[in-house]
Amino acid sequence: MRGHRAAGGVVASAYGVGVTLTAPAHHATAAAVVPAVALEAHDDGYRLTPLADDGAADGTAERVPAAALPERVAGLEAAGVRWVWDTAAVYPALLAAGVRVERAHDVRLARAILRGTTVPLPAYANLPRDGWDEPSADPADGLFALDRAAADVSAADEHRRQQQVVAASPRPGALRLLLRAESAGALAAAEMSAAGLPWRADEHERILAGLLGPRVPSGQRPEALEVLVAHIREALGAPRLNPDSPVELVRALRAAGLTVETTRSSELRRLEHPVIEPLLSYKKLSRLHTANGWHWLDTWVADGRFRPDYVVGGVATGRWATRGGGALQLPKQVRGAVVADPGWRLVVADAAQLEPRVLAGLARDRSMAEAGRGRDLYDGIVATGAVADRSAAKYGMLGALYGATQGAGGRLVPRLAARFPQALGLVEQAARAGERGAVVGTLLGRGSGSPSDAWRAAQAAASDLDASDAVVRRARSLSREHGRFTRNFVVQGTAAEWALCWLADLRRRLWALGAGRLAERPHLVYFLHDEVLVHTPEHLVDEAAEAVREAAAAAGRLLFGDFPVDFPLDVAVVERYSDAT
DNA sequence: CCCAAAGGCCAC
DNA sequence: AAACGTGGCCTTTGGG
C-alpha cells in the first residue's frame, strides 16, 4: 500500500483515506466571535436560549409565541447572532415571514456527521440515539420532528456537547469547517426553496404542445404518443401491444425476430428494424409526458416558481437529495421554461471537471493539478501524452472514479495510473479499504459508514472452509461493489464539500450586493451538485457573476490551502436556463 | 385497496 | 459507446 503524502503527514487508515494526521493549518478556522442563541419548539411556541462562549446556557431562556417569532428573530439577527437549531424545521417559517439569517449551526445535521465521521470522537462513540438522530422534519409533519428532539435533549445541550467533542478531537479545524459548511448549506437550501426557481408555465406548455400535441386529460395518451404507438404496433405486428410494459415489449420484439435481452434504449439503438426509430421516440416522449408533463406542471409549479424541497446531506456522500418534483433530474428538454423575471437575469455557473480536480487536491497530485491549470483538465491530460484525445481522457478519468473494469473506460485507467500515480493511487487505496469493509473519509472527515450486517455475514460465510463457490463468488462481488462505492465516495464526498463551501460563500456575497428582502437582491435559486443558478436584477449581473467566481476560488483555498489546484467555472448570463450551454 | 420490487430513464 | 459511482420517480407487475 502506497502512503498518501500530504502537507500534514501520511494517511492512517483509522482516519480514512486522503485525510492527514495533522490538520493542515488552513483548516484551523477561528471561531466567529458572535453570540449564539439556541432556538427550538417548546410547548405551543418557541424557546430561545442565549449561549455563553463555552456553549452553556446562561439561564435566561425566553419563551416566544409562534406569531411573535419572526420579529424576535429579526431583532436578534440585526445585532449579529449564530442560531443553533434544526434549520429544516424552523427556518422555512421565518423565511415565509421575510426573515433571513446570516449564520446557523444545524444541530441535527452536525449530529449525523459526527456520528459517522472518520475522525475519532471517543466521547460521541457510545452516545445513545435520541431525537437528534431522527430524519429532518417533513414539511407535511409540521414541527413534529423538532418536538421529538426537544423532548430528549435540548438544542443548547447537544450543541455544547458537539462543540466539546470537536474541540477535543484530533482534527477540530476540519470538523468545524465541515459543520459550518453543512449548516450554511441548510440555510441556502431553505432560502432556495422559499425563493423558488423562476418557471414559466406558459413556456412549459408550449414545449409540451410542440413535442406531444395538445394537452390531454391525465391518464390519456397525447396525440404524438398515440401516433407512435400505432407505428410500433404495426411494425411489430402486435395490434394490442402496450409499449409501457417491458414484459410485453420484449416478447413482441423477439416475436419479430429481434434478439434482445432488455428493452433499454441503449440496447435497442444497436438494432436495425423499422420499429426502432418510433420506439425510441416513444420512450423519450413518454418519459417527458409522465415525468415532467402537464401533471408535473400542475403539481409543482405555482405563482411562476418551482420550489424543490432539498434534503441537505440526504446522500451518503454529502450530496443533497430532494423530496418530490425530481428537482435534481430536470431534463434538458424543459429547461426552456426556466426564465428570469422581466428585468432580471440568470447567472448559470458550473464547476468544470470538478471531481478530477478535487481528486488532484485530495491526493495532492501536482501533475494532475498542473494538467488542469488554466485549461480544460481533459485537454491537459491529453497534452501529457497519457491518452490520445479528450474523450479518452474523460472516460478514462470517469472510469477511474467509478471503478470501471471493462469497456473503453476500464482499458484507459492503467494509462492514467501510470501518468498520475498519486491521484489514481488514492482512489485505488479507497477501493481496497472498502473491499475489506473499512470506513473511508472525505477531506474534511465525513465517513462512508460501515457495510451492513448482511454484507459482513456474506464475507464471514465465504471465509468458511466449506463455503460453496456460489457463496464465495457472492461475497467477492459484494466486496468489490463496496470497494467501488468507497472509491467514489472519497471523491464525490470531497467534491460535495467543495460545493458546500462555494454555496456558503456565495450566499453571503450575493446578499451583500443588494438591498431589501432576499427576493429583491441577487439570490440563489437552484443547486445541482456542481452547478448553481443565481437570479439577479439585470444591473447587478456582472457583480453576481464575479461573486460566483470569487466564491469558487475561495472554496478551493478553504479546502486545499495553497496547493495549486484550480476550480474554473463555466459561467453564462442568460434569460433562459436552456440558453446556458 | 395498499405496498414493494423490477425495469427503465433522467440528472450529476 | 458502455453498464462503472450517487440519487428520484415513473409504470408495470405481483403479492397480501
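Here is how names work: the chains are called A, B, and so on, in the same order as the sequence lines, proteins then strands, and each is numbered from 1.
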Novice: Please check if any side-chain donor atom of A/Trp455 sits under 3.5 Å from a side-chain acceptor atom of A/His482, or the reverse.
Specialist: no
Novice: Can you tell me how far P of B/dC10 sits from CD of A/Gln333, to the nearest Å?
Specialist: 8 Å
Novice: Once side chain to side chain donor-acceptor pair (under 3.5 Å) is applied, what residue pairs with a partner in residues 245-264 of chain A remain, sequence neighbours excluded?
Specialist: A/Thr262-A/Glu267
Novice: Using 30° and 60° as the class limits, which term best fits the ring planes of A/Trp296 and A/His204: parallel, tilted or perpendicular?
Specialist: tilted
Novice: Rounded to whole Å, please give me the gap between CD in A/Gln353 and P in B/dC12.
Specialist: 14 Å
Novice: Atom CD of A/Gln329 and atom P of B/dC9: how far apart are they, to the nearest Å?
Specialist: 14 Å
Novice: Return the value, rounded to whole Å, for the distance between atom CD of A/Glu261 and atom C1' of B/dG8.
Specialist: 16 Å
Novice: Going by number, which of residues 181-206 of chain A have a non-hydrogen atom under 4.0 Å from DNA chain C?
Specialist: none
Novice: Would the base of C/dC4 count as contacting A/Arg484 through its side chain, where contact means a donor and an acceptor less than 3.5 Å apart?
Specialist: no
Novice: Mind checking A/Arg270 for me? I need base, sugar-phosphate or nothing, with any heavy atom below 4.0 Å counting as a touch.
Specialist: sugar-phosphate
Novice: Please report, rounded to the nearest Å, how far the C1' atom of C/dT12 is from the NZ atom of A/Lys283.
Specialist: 13 Å
Novice: Rounded to whole angstroms, how far apart are CG on A/Leu271 and C1' on C/dA1?
Specialist: 14 Å
Novice: Record whether the side chain of A/Arg319 comes under 3.5 Å of the base of B/dC12 through a donor-acceptor pair of N or O atoms.
Specialist: yes
Novice: Go through the steps for A/Thr442 and A/Phe489 under the test side-chain contact (heavy atoms from CB on, under 4.5 Å), then give the verdict.
Specialist: CA-CA 8 Å; A/Thr442 59; A/Phe489 177 92; 3.7 Å; yes
